[in-house]
Asks: 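What follows is a structure written as structure tokens; I'll ask about it next.
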Amino acid sequence: MNQRSLIDRKAGSRLPPDFFRRDVLLVAPELLGKILVVRSAAEIPERFMINETEAYRGVEDKACHASKGRTERTDVMFRTGGRIYVYLIYGMHWMLNFVTGPANEPQAVLIRGVEGYNGPGRVSKVLGIDKSFYGEDLNISERIWIEDNGDKVSVKTGKRIGIDYAGEKWVNKPWRFFL
DNA sequence: TCATTGATTTCA
DNA sequence: GAAATCAATGAT
């Protein structure tokens, strides 16, 4: 029971802190094929391979929440990469993001899909992600982290989804990455 | 294609 | 304070 991952992915090694401190446009595609590990209380870790991400980059990216300035909600994006940014959209869906880049350079990767569960709302639902994960440090957390098990994948790119309000310049950026 | 749903942000 | 907004999903 509670083994919701379709494939029993083998354990890998946790990604080093430096992985998340690089530019989001490097981190987002490289997260594909990596293993998202979640451990709820007193259960064995569940492993899901990441198969779709989107990059949100800096205050100049109108699709990035941080473009509106540093607020209580977006604060974690201005911190050093490696933490989790979660927020509620449409009153019902938690979005799971990983903060990347150096401090004071707000960037984040939205996890749009893991194997078997495409769509960012479904990802957080099956993983049990909610506001309690806001600011969680992927480098030290005991309930969520990312592993590299050495699998190689081929990456495709496309336009980001659901950001028409950001204007054509940003809508057309090929900042969605998938397998 | 449309209803759902509530935190965050914006406008007074 | 109140009103509008919104990186989506699932049912119809």
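Note that the coordinates shown come from a computational prediction; the quantities given were computed from them, not determined experimentally. Below, chains carry the letters A, B, ... as their sequence lines are ordered, and counting in each starts from 1.
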Asks: Run the side chain to side chain contact (heavy atoms under 4.5 Å, CB included) test on A/Arg143 and A/Phe133 for me, step by step, so that the C-alpha distance in whole Å, both residues' side-chain angles and the decisive distance to 0.1 Å come before the verdict.
Replies: CA-CA 9 Å; A/Arg143 56 179 183 164; A/Phe133 281 81; 3.7 Å; yes
Asks: Look at atom CD of A/Glu72 and say whether more than 12 heavy atoms of other residues, nucleotides or ligands are closer to it than 6.0 Å.
Replies: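 Not more than 12 within 6.0 Å, no.
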Asks: Write down the distance between CD1 (A/Ile89) and P (C/dA4), rounded to a whole number of angstrom.
Replies: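 Distance, rounded to whole Å: 17 Å.
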Asks: Can you confirm whether A/Lys169 is buried at NZ, in the sense that more than 12 heavy atoms of other residues, nucleotides or ligands lie under 6.0 Å from that atom?
Replies: no
Asks: Roughly how many Å is it from OH in A/Tyr90 to P in B/dC2, rounded to a whole number?
Replies: 15 Å
Asks: For A/Arg79, I'd like to know if atom CZ has over 12 heavy atoms of other residues, nucleotides or ligands within 6.0 Å.
Replies: no
Asks: Using Watson-Crick or G-U wobble pairs with both distances under 3.5 Å, give me DNA chain B in dot-bracket, 5' to 3', with [ ] for crossers and | for pairs to another strand.
Replies: ||||.||||||.
Asks: Using a 4.0 Å heavy-atom cut-off, does A/Ile163 contact any base of the nucleic acid, only the sugar-phosphate backbone, or nothing at all?
Replies: sugar-phosphate
Asks: Identify the two heavy atoms, one from A/Leu179 and one from A/Leu32, that lie closest to each other, and give their separation to 0.1 Å.
Replies: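 Nearest heavy atoms, A/Leu179 then A/Leu32: CD2-CB, 3.8 Å.
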Asks: What distance do A/Tyr85 atom OH and A/Phe98 atom CZ have between them, rounded to the nearest 0.5 Å?
Replies: 14.5 Å
Asks: Would you tabulate the pairs of protein nitrogen or oxygen atoms and nucleotide nitrogen or oxygen atoms of nucleotides 7-9 of chain B closer than 3.5 angstrom?
Replies:
unit_1 : atom_1 : unit_2   : atom_2 : d
B/dT8  : OP1    : A/Lys131 : NZ     : 2.8
B/dT8  : O3'    : A/Arg73  : NE     : 3.1
B/dT9  : OP1    : A/Thr71  : OG1    : 2.9
B/dT9  : OP1    : A/Arg73  : NE     : 3.4

Asks: Could you walk me through whether A/Lys173 and A/Arg57 pass side chain to side chain contact (heavy atoms under 4.5 Å, CB included), step by step?
Replies: CA-CA 11 Å; A/Lys173 296 278 185 190; A/Arg57 187 170 187 268; over 6 Å; no
Asks: Where is the tightest heavy-atom contact between A/Arg9 and A/Glu115, given as atom of each residue plus distance?
Replies: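 Heavy-atom minimum between the residues: NH2-OE1, 3.0 Å.
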Asks: Between C/dG10 atom C1' and A/His93 atom NE2, what is the distance in whole Å?
Replies: 8 Å
Asks: Near DNA chain C, under 4.0 Å by heavy atom, which residues of residues 167-179 of chain A?
Replies: none
Asks: Walk me through it: do A/Phe20 and A/Leu31 pass the test side chain to side chain contact (heavy atoms under 4.5 Å, CB included)?
Replies: CA-CA 10 Å; A/Phe20 296 101; A/Leu31 277 174; 4.3 Å; yes
Asks: If I take atom NZ in residue A/Lys62 and atom P in nucleotide C/dT5, what distance separates them, rounded to the nearest angstrom?
Replies: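 Roughly 19 Å, once rounded to whole Å.
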Asks: Report which part of the nucleic acid A/Arg160 touches: base, sugar-phosphate, or nothing (heavy-atom distance under 4.0 Å, all strands).
Replies: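 Result for A/Arg160 = nothing.
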Asks: A/Arg73 and side chain to side chain contact (heavy atoms under 4.5 Å, CB included): which single residue from A/Val76, A/Asp75, A/Thr71 fits?
Replies: A/Thr71
Asks: Do you know the tightest heavy-atom contact between A/Ser141 and A/Arg14?
Replies: O-NH2, 2.9 Å
Asks: Looking for any heavy atom pair under 4.0 Å, which part of the strands does A/Met92 touch: base, sugar-phosphate only, or nothing?
Replies: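 Base contact - A/Met92 has a heavy atom under 4.0 Å of at least one base atom.
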